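Below: the structure, in structure tokens.
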Amino acid sequence: MLRTIATRGQRLAPSLPITAPSAASHFFASSYPAFVPAARVTLASSRLSALSSHFSTSGTIMAPVPKECDYLVIGIGSGGIASARRAAKYGAKVIAIESKRLGGTCVNVGCVPKKVTWNAAAISETFKDAKAYGFGGFEQPTFDWPYFKKKRDAYVKRLNGIYENNLNKDKIEHLKGRAKFVGTNEVEVALEVGGTQRVKGKKVLIATGGRPKVPNIPGAELCIDSDGFFDLEDRPKSIATSGAGYIGVEMSGMLHALGTDVHFFIRGQKLLRTFDPMIQDVVTKEYERQGINLYKGSQITKVEDIGNGLKRVTYQETESKKEGTVEVECVLFATGRDPEIEDLDVKKLGLELDEMNHIKTDDYQNTNIPNVYAIGDVSDRGFELTPVAIASGRRLSDRLFGGKPDAHLDYSNIPSVVFAHPEIGSIGLTEPEAREKYGDKVKVYQTQFTGMYYAMMEQEDKAPTAYKIICVGENEKVVGLHILGQSSSEILQGFGVAIKMGATKQDFDNCVVCIRSLFPFLPVAASHYAAFVLPSCIFASQPASLHGILRGSEG
């Protein structure tokens, strides 16, 4: 009976071990001499001591038991949460891990705060344009950056909360911490609150995204990257930016529109070098027209703090090697991103990486290790876009848990936009890519004109609009479309559907123009007339008596 009582007590209070010889032996021996011999009490006490030693937590601490799940998702960004939630809806037990704020790059330091900032810049431009339409009684309005940043941050924080609510709603357990592989299907998480937790998944998804990189130059610690842009507490009066890709183009354009003196350094002669040559030419010329200080063929080589809130930027011309300096308040690098893989120990795991350290995947997001998958910016698919990560993540879960064995994302003809000033949209092949692939079968239609929005403005204040479609074969199937001008980001989605469905030039021509009067210039291609209609997203045939400016060129 004594053993039974003590054992039950030990279960209730395992941190209070019973030791021997105990007072209990003397108590029972003296109180019940006729019923409990002293020898038996001593023996019972010894056994209790051994039991207490076994159950006591004051000894060696055992490692926590690993959590187990059907689907382990590393990274709760747009792609990770999309795949996790889709899997959970199919009934899979899902555990997700994130080391930073929920939502990943897009929600916190990407698409969302970028578009909000672009909206502010567009409003600033509208104030400038308003005077040409007769509005007056005001000077250029002031812009309260701290107020704007506070509201933008609050919006992002609300989205973080929505992400968490969605995880809870779908019963997805999520851990806050940094994961590393300790086996092909197991990770150890260094928890933010301290300690570690191991998690095993029958299937594992890597969706950790990427991070910005800054060149290793003297004074690099004085600079900010594209993430740091959203931490700026006030608008810099002057800034040096570096990077001719879409992030550098967007941030330089936004800051300029909001009143910052922008010094923009690019190694080549044109912006957006991976885009169609027409886009490169027009956006580069337009940024110069707007007054952005564009340093072509130059790169920043050194940054120094010279006091009074200023930094001296030393730059070098690529060909002549001549050096120059400029003094600014802030220096921003937007020179690309690296995949977020270092802490994962993927090399020890044996995952194959490409030359840029992206995880190699096939068309179905499989890696070289069975039951380990990768999507989004960390993979080698080449489209570092939020909608692509979401789409690929959902299709992966459809395949793994939804009974759709062939589900996967088709990476051809994916539309993308650049929130430059003006906006840019692109889908399909560029002209050089099309000519390399199809040779003499390529036919190009393009136009450049001034939209009616600028009709009331002086010539030097008018922004360009430029469109190009790239066709192949006798039926002129559209394999590429590139547009620049107002509302291009919205226009492109309609074109995207048509091109994904295999539209031809004739399909575009067969659609009637919504508002023909908008365009004083109509493009001509070979013996055909066609109008690129900005508001309606349509190419349409027009009477041959109208004058056109579109050139048709056959390869």
Side-chain angles (χ1 to χ4, degrees), residues 11 14-15 54-105 107-108 160-211 339-351 359 367 369-378 389 393 396-397 400-401:
R11 287 174 182 167
S15 61
H54 176 74
F55 286 106
S56 174
T57 59
S58 62
T60 302
I61 299 176
M62 303 297 289
V65 177
K67 295 177 181 288
E68 296 187 0
C69 61
D70 300 312
Y71 197 34
L72 170 58
V73 177
I74 307 172
I76 313 180
S78 299
I81 194 172
S83 190
R85 295 187 68 198
R86 180 64 60 90
K89 291 182 189 303
Y90 286 127
K93 180 182 178 182
V94 183
I95 296 178
I97 303 166
E98 176 57 57
S99 63
K100 300 177 182 177
R101 292 179 289 175
L102 299 183
T105 297
V107 168
N108 297 291
N160 297 147
I162 291 173
Y163 266 61
E164 184 163 17
N165 290 339
N166 286 337
L167 289 170
N168 294 333
K169 183 172 64 176
D170 291 331
K171 297 180 173 56
I172 297 172
E173 182 178 359
H174 45 287
L175 306 177
K176 189 71 178 291
R178 200 83 172 166
K180 69 175 180 179
F181 279 96
V182 292
T184 55
N185 70 331
E186 184 176 1
V187 299
E188 183 177 84
V189 185
L191 298 171
E192 186 181 73
V193 296
T196 61
Q197 174 65 58
R198 291 200 172 193
V199 185
K200 290 182 177 180
K202 295 177 182 177
K203 301 183 186 299
V204 181
L205 173 63
I206 303 173
T208 49
R211 65 174 186 277
E340 190 76 57
I341 62 168
E342 283 78 9
D343 293 347
L344 289 173
D345 280 351
V346 294
K347 291 184 179 179
K348 291 182 181 178
L349 185 64
L351 275 178
I359 298 173
T367 69
I369 296 180
N371 298 318
V372 177
Y373 314 91
I375 63 169
D377 295 3
V378 76
L396 176 62
S397 290
L400 299 180
F401 304 102

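What you see is a predicted model; the values in this text were computed from it and never measured.
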For Lys200, is the NZ atom crowded, meaning more than 12 foreign heavy atoms sit under 6.0 Å from it?
no

Would you call Glu98-Lys176 a salt bridge at under 4.0 Å N-O?
no

Measuring only between side-chain heavy atoms, which start at C-beta, is Val107 closer than 4.5 Å to Tyr163?
yes

With Asp70, which residues qualify under side chain to side chain contact (heavy atoms under 4.5 Å, CB included), at least two apart?
Ala92, Lys93, Lys202, Phe401

Taking every heavy atom of Asp170 against every heavy atom of Ala88, the minimum-distance pair comes out as O-CB, 3.7 Å

Give the minimum heavy-atom separation between Leu344 and Ala179, together with the two atoms involved.
CD2-O, 3.5 Å

Rounded to the nearest 0.5 Å, what separates atom CG in Asp345 from atom CD in Glu188?
10.0 Å

Salt bridge flag under 4.0 Å for residues Arg178 and Glu340:
yes

Would you say that Val187 contacts Val182 through its side chain, given a criterion of any heavy-atom pair below 4.5 Å between the two side chains?
no

Is there a side-chain contact between Leu102 and Asn108, using heavy atoms and a 4.5 Å cut-off?
no

Are Ile76 and Leu167 side-chain neighbours, meaning at least one heavy-atom pair lies under 4.5 Å?
yes

Indicate whether any N or O donor in one side chain lies under 3.5 Å from an N or O acceptor in the other, for Asn371 and Lys203.
yes

What heavy-atom pair brings Ala207 and Val378 nearest, and what distance separates the two atoms?
CA-CG1, 4.4 Å

When you compare the side chain of Ile172 with that of Tyr71, does any pair of heavy atoms fall below 4.5 Å?
no

With a 4.5 Å limit on heavy-atom distance, are the side chains of Glu164 and His174 in contact?
yes

Would you find a donor on one side and an acceptor on the other, under 3.5 Å apart, between the side chain of Gln197 and the backbone of Val65?
yes

To the closest 0.5 Å, what do you measure between NZ (Lys180) and CZ (Arg198)?
8.0 Å

Closest heavy-atom pair, Val73 versus Ala84, reported as atoms and distance to 0.1 Å, is CG2-CB, 4.0 Å

Any chance you could measure Cys69, atom SG, to Asn185, atom CG, to the nearest 0.5 Å?
9.5 Å

Side chains of Ile206 and Ile341 in contact at under 4.5 Å (non-hydrogen atoms)
no

Could you tell me whether the side chain of Glu192 reaches within less than 4.5 Å of the side chain of Leu175, counting heavy atoms only?
no

Roughly how far apart are Tyr373 OH and Leu396 CG, rounded to 0.5 Å?
7.0 Å

salt_bridge(Arg211, Glu342) N-O dist < 4.0 Å:
yes

If only atom types and distance count, is the side chain of Thr367 paired as donor or acceptor with the main-chain N or O of Leu351 below 3.5 Å?
no

If you measure from CG on Asn166 to CD1 on Ile162, what distance do you get to the nearest 0.5 Å?
7.5 Å

Might you point out which heavy atoms bring Ile369 and Leu349 nearest each other, and give the distance in Å?
CD1-O, 3.3 Å

Heavy atoms only: give me the nearest Ile375-Ala389 pair and the separation to one decimal.
CD1-O, 3.8 Å

Value rounded to 0.5 Å, distance of CZ in Phe181 from NZ in Lys348:
13.5 Å

